[in-house]
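Shown next, in structure tokens, is the structure this report addresses.
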Amino acid sequence: MAKAKLSDEVKTYIVQALACFDSPSVVAAAVKKEFGVDVSHGPNKKAASGLAPKWKALFRETRKTFLEDTATIAISHRAVRLRALQRMAEKAEIQSNMVLAASLLKQAAEEVGNAYTNRRELTGKDGKDLPVPVSPVTIFQLSDN
């Protein structure tokens with residue numbers, strides 16, 4: 001049975017999705033849902049063998065943009081995460097799942113308190129220098145033998 005030829009629109013969708021680190025199975029399901037086209041991927045095939053230069057260039061550019069521009073990913077913003085946590089906590093309370101509600105409230109508090117960032121305080125209170133820790137010093141006396 002001959003394979004159906006994919007349109008450039010579908011090919012573009014596939015290349016861009018793969019460049020954004022979607023797995024082949026996720027991409028295949030998305031293509032089926034979005035375009036009504038079944039695409040399969042053989043696990044023993046080389047992914048880029050015989051790929052046209054325009055698709056390779058599209059992949060590289062999409063991957064570069066994806067890695068550099070996290071601002072377009074909604075969940076990368078604290079406000080979006082907090083709103084989602086708010087909705088989940090309200091639903092948990094309505095369902096009388098207080099353990100889950102408490103867990104979500106704790107997660108929201110940690111989110112607000114920068115527990116999920118890699119930011120570290122490099123200055124002391126009011127921007128002053130941090131105190132230098134003092135360690136005990138052992139004094140050795142030299143003796144003449």
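Starting from 1, each residue takes its place in the sequence as its number. Just so it is clear, the structure is predicted and the values come from calculations on it, not from any experiment.
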Hey, quick one: are Val99 and Leu104 part of the same hydrophobic cluster, counting side-chain heavy atoms closer than 4.5 Å, chains of contacts allowed?
no
Shortest non-hydrogen pair, Ala101 vs Ala92, comes out as N-CB, 3.8 Å
Verify side-chain hydrogen bond (donor to acceptor under 3.5 Å, both in side chains) between Glu90 and Gln86, making sure each step is shown before the conclusion.
CA-CA 6 Å; Glu90 288 171 355; Gln86 173 73 34; 2.5 Å; yes
Give the intermediate values and the outcome of side-chain contact (heavy atoms from CB on, under 4.5 Å) for residues Phe21 and Arg63.
CA-CA 8 Å; Phe21 298 101; Arg63 172 71 54 94; 3.4 Å; yes
Taking the side chain from Thr62 and the backbone from Ala19, do they hold a donor-acceptor pair closer than 3.5 Å?
no
Linking I/L/V/M/F/W/Y whenever their side-chain heavy atoms sit closer than 4.5 Å, directly or via other members, would Val39 and Leu51 fall into one cluster?
yes
Heavy-atom side-chain proximity of Asp8 to Lys54 below 4.5 angstrom:
yes
Single-linkage hydrophobic cluster, 4.5 Å side-chain cutoff, Val15 and Leu6 together
yes
Residues Asp69 and Lys64 bridged, charged N to O under 4.0 Å
no
What I'd like to find out is whether the side chain of Val37 reaches to under 4.5 Å of the side chain of Lys32, using heavy atoms alone.
no
Is there a side-chain contact between Trp55 and Ile14, using heavy atoms and a 4.5 Å cut-off?
no
Heavy-atom check, side chain of Leu58 versus side chain of Thr12, under 4.5 Å
yes
Tell me whether Leu67 shares a hydrophobic cluster with Phe59, the cluster being built from Ile, Leu, Val, Met, Phe, Trp, Tyr side chains joined at under 4.5 Å.
no
Is there a side-chain contact between Glu9 and Phe35 (heavy atoms, below 4.5 Å)?
yes
Taking the side chain as every heavy atom from C-beta outward, state whether Ile94 and Lys91 have any pair of such atoms under 4.5 Å apart.
no
